[in-house]
Asker: 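Here it is, the structure, as structure tokens.
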Amino acid sequence: MRYAAFLRAVNVAGNALSMAALKAMLADLGFERTKTLLQSGNVVFEASKRAGARLETLLQRETEQRLGVRTEYFIRDACELQQIVEANPFEREAIEQPSRLAVVVLRQSPSALGLERLRNSIRGPELVAPGTRHLYITYPAGQADTKLTNAVIERALETRGTARNWNTILKMQAALDGGSL
């Protein structure tokens, strides 16, 4: 199976993680066809006989033990990432302003109550649409000064997550399909 892993909060606030070291660690663990994207914790790889939460837990533990970096992994297989792309409710934004469209990959599916809390906390022009274990968020005014931060999202939804802009999501999907990063 091919997987996309989105690591939370690496190479920010002193939480440095070398992508070369990450790639080497994955190879050492027996994962194949590993590719990284950017320096912000995006990696695709091939694995057999492992899935979901067990794989996330393994990689979190190994990253901390081997590389000294505490982070969280949010893993989606190729089919899940394809569904995220295909179900995007913000098609116009994806074409016209892909850097202002984000996907927040979540640990758990957002509840109706959590979504209500999240929508009630929005103080700007942002729009939110739920997915299975993710959210789509448009940031028409950009993310630099938004009040809709990851902390606000996690608090409202009562689950952890990490965000990537639409361009990154598409590059990860292409890599899963055999393309280059």
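Each residue takes its place number in the sequence, starting with 1. Only heavy atoms go into these numbers, but all of them, side chains included; no hydrogens, no water, no symmetry mates.
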Asker: Less than 4.5 Å apart, side chain to side chain, heavy atoms only: is that true for Q82 and Q173?
Answerer: yes
Asker: Does K147 come within less than 4.0 Å of E126, counting only side-chain N to carboxylate O?
Answerer: no
Asker: Going hydrophobic residue to hydrophobic residue with side-chain gaps under 4.5 angstrom, can you get from L101 over to L118?
Answerer: no
Asker: Can you tell me how far CD1 of I84 sits from CG of L170, rounded to the nearest 0.5 angstrom?
Answerer: 11.5 Å
Asker: Spell out, yes or no, whether V103 and I122 are grouped together once hydrophobic residues are joined by side-chain heavy atoms under 4.5 Å, including indirect joins.
Answerer: no
Asker: Atom OG1 of T149 and atom CD of E154: how far apart are they, to the nearest 0.5 Å?
Answerer: 8.5 Å
Asker: Between R2 (side chain only) and R33 (backbone N and O only), is there a donor and an acceptor less than 3.5 Å apart?
Answerer: yes
Asker: Taking all heavy atoms of T132 and all of P110, pick out the closest pair and write down the distance.
Answerer: O-CD, 3.6 Å
Asker: Take V69 and E64, measure what side chain to side chain contact (heavy atoms under 4.5 Å, CB included) needs, and give me the verdict at the end.
Answerer: CA-CA 5 Å; V69 175; E64 185 169 4; over 6 Å; no
Asker: Could you check whether any side-chain heavy atom of R133 comes within less than 4.5 Å of a side-chain heavy atom of R76, counting everything from C-beta outward?
Answerer: yes
Asker: Specify the closest pair of heavy atoms between P130 and L115, including all atoms of both residues, with the distance to one decimal.
Answerer: CB-CD1, 3.5 Å
Asker: Should L29 and E62 be marked as a side chain to side chain contact (heavy atoms under 4.5 Å, CB included) after you check the CA-CA gap, both sets of side-chain angles, and the distance that decides it?
Answerer: CA-CA 9 Å; L29 290 170; E62 293 297 324; 3.9 Å; yes
Asker: Does any part of the side chain of L59, heavy atoms only, come nearer than 4.5 Å to the side chain of F31, both counted from C-beta?
Answerer: yes
Asker: Would V105 and I75 count as a side chain to side chain contact (heavy atoms under 4.5 Å, CB included) here? Give the steps.
Answerer: CA-CA 9 Å; V105 184; I75 296 177; over 6 Å; no
Asker: Less than 4.0 Å between a side-chain N and a carboxylate O, is that true for R160 and E72?
Answerer: yes
Asker: Mind checking whether L135 and M172 sit in one hydrophobic cluster, side chains of I, L, V, M, F, W, Y counted as touching below 4.5 Å?
Answerer: no
Asker: When you measure from the side chain of T71 to the backbone N and O of R8, does any donor-acceptor pair fall under 3.5 Å?
Answerer: yes
Asker: Any side-chain heavy atom of Q97 within less than 4.5 Å of one from R92?
Answerer: no
Asker: How long is the gap from CG on D77 to CD on E80, to the nearest 0.5 Å?
Answerer: 4.0 Å
Asker: Are F6 and I169 packed together at the side-chain level, in the sense that at least one heavy-atom pair is separated by less than 4.5 angstrom?
Answerer: yes
Asker: For the side chain of R119 and the backbone of V128, is there at least one donor-acceptor N/O pair under 3.5 Å apart?
Answerer: yes
Asker: Quick check: do V85 and W166 have side-chain heavy atoms less than 4.5 Å from each other?
Answerer: yes
Asker: In Å, rounded to the nearest 0.5 Å, how long is the span from CZ of F45 to CE of M1?
Answerer: 10.0 Å
Asker: Kindly indicate whether a cation-pi arrangement holds for R107 with F74, taking the cut-offs as under 6.0 Å to the six-membered ring centre and within 45° of the axis.
Answerer: yes
Asker: Would you say L81 and V104 are hydrophobically clustered, going by side-chain heavy atoms of ILVMFWY under 4.5 Å?
Answerer: no
Asker: So that I can tick it off, tell me whether R66 and D28 are bridged by a salt bridge, with the cut-off set at under 4.0 angstrom between side-chain N and carboxylate O.
Answerer: yes
Asker: Taking the side chain from T168 and the backbone from R164, do they hold a donor-acceptor pair closer than 3.5 Å?
Answerer: no
Asker: Would you say T36's side chain and V43's backbone share a donor-acceptor pair under 3.5 angstrom?
Answerer: no
Asker: Between the main-chain N or O of R100 and the side-chain N or O of Q143, is there a donor-acceptor pair closer than 3.5 Å?
Answerer: no
Asker: Heavy atoms, side chains only, cut-off 4.5 Å: are T162 and L106 in contact?
Answerer: no
Asker: Got Y73 and T63 here, is their nearest side-chain heavy-atom distance under 4.5 Å?
Answerer: yes
Asker: Taking N150 for its side chain and G161 for its backbone only, find out whether a donor-acceptor pair lies under 3.5 Å.
Answerer: yes
Asker: Is the side chain of T146 donor-acceptor paired with the backbone N or O of L148 at a distance under 3.5 Å, no angle test?
Answerer: yes
Asker: Nearest 0.5 Å, what's the CG-CD1 distance between N165 and I137?
Answerer: 12.5 Å
Asker: Counting neighbours of CD on E91 that are heavy atoms of other residues, nucleotides or ligands and sit closer than 6.0 Å, is the number greater than 12?
Answerer: no
Asker: Rounded to the nearest 0.5 Å, how far does CZ of R117 lie from OG of S111?
Answerer: 5.5 Å
Asker: Within the supplied structure, the quantity of interest is the number of heavy atoms (other residues, nucleotides, ligands) at a distance under 6.0 Å from N120 CG; does it exceed 12?
Answerer: yes
Asker: Which atom names give the shortest non-hydrogen contact between T159 and Q108, and what distance separates them?
Answerer: OG1-N, 3.3 Å
Asker: With under 30° as parallel and over 60° as perpendicular, where do the rings of F90 and Y136 fit, or are they tilted in between?
Answerer: perpendicular
